[in-house]
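One-based numbering, in listed order, for ligands and for the atoms of each. This is a predicted model, so every value here is computed, not measured. All residue numbers refer to positions in the sequence shown, counting from 1.
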Amino acid sequence: MKILVIGSGGREHALVWKLSQSPLVKKVYCAPGNAGTLENGENLAIAADDVTRLVRFARENAIDLTVVGPEAPLVAGIVDEFRRQGLVIFGPTAAAAKLEGSKVFTKKLLRKASIPTADFAVFSRFPEAERYIDEGDEQPLVVKADGLASGKGVFVCATRAEAKAAVRTILQERSFGDAGSQVVIEECLVGEEASILAIVDGDTIVPLEVAQDHKRAYDNDLGPNTGGMGAYCPASVVTPEIMDEIVRRILVPTVHTMKVDGCPFSGVLYAGVMLTTGGPRVLEFNVRFGDPEAQPVLMRLKTDLADVLLKAATGRLGELEGLDWDPRPAVCVVMASEGYPGDYKKGHPIYGLDEADALPDVKVFHAGTALKNGEVQNTGGRVLGVTALGNTIAEAKQNAYAAVDRIRWNGGWCRRDISDRAK
Ligand code: AMP
Ligand code: GLY
């Protein structure tokens, strides 16, 4: 089988690495990929959102399965276009990707299907939103732009004034363009967050082992929000009983409602869930593997991923006999460029990668890297996802940081407390 992976981050390197281990797979291409995906496949100079060229490549090279990493091409309809051309692709159609592409769509679906989530209201005009905020109790509120905003469209607000400022930024200043033509204002939930990922084929739901990520930039979960500074799997805060409730009250009714509404969901359904004292509640859906959650999750997966994703893409997930997991926990530490999540300098050579990668039970996944003049350089904010297995979370953490300590580049840094929240 020939596989095409679309994207260029740590998630995509983990996908290429895992897929290339399958006995079913002859070759993995990655568009556009990074310096890590080159180790297990061939990079293509095609952007992740260049649907026309991606389709042409898949047709001309008889690609058997395409796997989409990031959300933007999914929301833009890459799956619909591939299917129109008779190509097999893993991911949701544009209609189903609205679960990530429109928070208004998702909140309305959750309400209709009585799926537990924060109470909310939707506005497209500032005066009505302002009145709603003024008339409600002074309490923390979360204000969200409706559409995709690269993780920057969510504001957790302690006061009415902050909430109004967030609405102004989104609706009036249009800081997120059309993604901000509507806002969701919702109740602020308290609790621990978990990332629930499941492979879905429209009907059948196969949950993956639960992960948690660290979104804040600095130690002790302080500082600005980021794409994720590290993750670990499993997350034992989600007990089997809680997982059962999440499947029953969140995943099953979501997949069922999408099917009944004529936009069956296939791909990765990723529920960001808040574990509140009143039970698990949905914060958001994503329609793809989490990054960096994919790295520790895929490091633990023993089942042939190519077989799983092919079955999901062709509606045959029911034939799968469960998933097989390495019982050992995995921890992924993200190494970032100086300045991230703000501006950062690119082009510094990275040293020690081979030495780190050679350590037992360690895999260094690349994210923002490129091979230039024979050396690996940083090209992004999140540069590497240094991932390790261990007999306990503590041992996996130790192994991951032992590898981190072999790697250096000008300004490269990471949090030192990834997985400390794990129980
Ligand atoms: P979202 O993109 O909707 O997941 O929001 C990004 C992050 O904002 C989440 O991972 C949470 O940390 C936080 N967040 C979103 N919605 C809420 C909420 N209703 N209550 C508390 N925190 C929230
Ligand atoms: N780690 C959060 C995300 O992938 O959206």
Pairs of donor and acceptor atoms involving the side chains of residues 332-347, under 3.5 Å and at least two apart or interchain, shall be tabulated with distances.
residue : atom : partner : partner atom : Å
Ser337  : OG   : Asn378  : ND2          : 3.0
Ser337  : OG   : Gly380  : O            : 2.7
Tyr340  : OH   : Gly227  : N            : 3.1
Tyr344  : OH   : Gly381  : N            : 3.1

Self-check item: Whether Phe289 lies under 4.0 Å from ligand 2, heavy atom
Solution: no

Quiz item: How close does the nearest protein non-hydrogen atom get to atom 5 (O) of ligand 2, and which residue and atom is it?
Solution: Arg288 NH2, 2.9 Å

Quiz item: Within less than 4.0 angstrom of ligand 2, does Gly290 place any heavy atom?
Solution: yes

Exercise. Heavy-atom contacts with Asn286 under 4.0 Å: which atoms of ligand 2 show up? List them by number with element.
Key: 5 (O)

Exercise. Might you confirm whether atom NZ of Lys98 has over 12 heavy atoms from other residues, nucleotides or ligands at distances under 6.0 Å?
Key: no

Quiz item: Would you call Lys144 and Glu284 a salt bridge, taking side-chain N to carboxylate O under 4.0 Å as the test?
Solution: no

Exercise. Give a yes or no on whether a salt bridge exists between Asp213 and Lys215, defined as a side-chain N under 4.0 angstrom from a carboxylate O.
Key: yes

Exercise. Output yes when Asp361 and Arg328 qualify as a salt bridge under the 4.0 Å nitrogen-oxygen rule, no when they do not.
Key: yes

Exercise. Give yes or no for whether the N/O distance cutoff of 3.5 Å, strictly under, is met between Lys215 and ligand 2.
Key: no

Quiz item: Does Ala231 have a heavy atom less than 4.0 Å from any atom of ligand 2?
Solution: no

Self-check item: Listed once per pair and sorted, the salt bridge (charged side-chain N to carboxylate O under 4.0 Å, His left out) pairs that draw on residues 386-403, sequence neighbours left out
Solution: Lys397-Asp420

Quiz item: Closest heavy-atom contact between Thr276 and Leu189?
Solution: CG2-CB, 4.3 Å

Practice problem: With a 4.0 angstrom cut-off on heavy atoms, strictly below it, pick out the residues next to ligand 1 and order them by chain and number. | Solution: Lys103, Ala118, Val142, Lys144, Val154, Glu186, Glu187, Cys188, Leu189, Glu193, Lys215, Met274, Leu283, Glu284

Practice problem: Give the atoms of ligand 2, by number and element, whose distance to some non-hydrogen atom of Gly227 is under 4.0 Å. | Solution: 1 (N), 2 (C)

Practice problem: Output the list of atoms in ligand 2 that are nearer than 4.0 Å to some heavy atom of Glu293, sorted by atom number. | Solution: 1 (N), 2 (C), 4 (O)

Quiz item: If you look only at pairs with a residue in residues 29-43, which of them pass as a salt bridge (charged side-chain N to carboxylate O under 4.0 Å, His left out), with sequence neighbours excluded?
Solution: Lys27-Glu42, Glu39-Lys363

Quiz item: Between His366 and His13, how do the two ring planes meet: parallel, tilted or perpendicular, split at 30° and 60°?
Solution: perpendicular

Quiz prompt | Shortest reach to atom 2 (C) of ligand 2 by a heavy atom, considering only Asp213, Thr226, Val334 | solution = Asp213

Quiz prompt | Residues Arg416 and Asp405 bridged, charged N to O under 4.0 Å | solution = yes

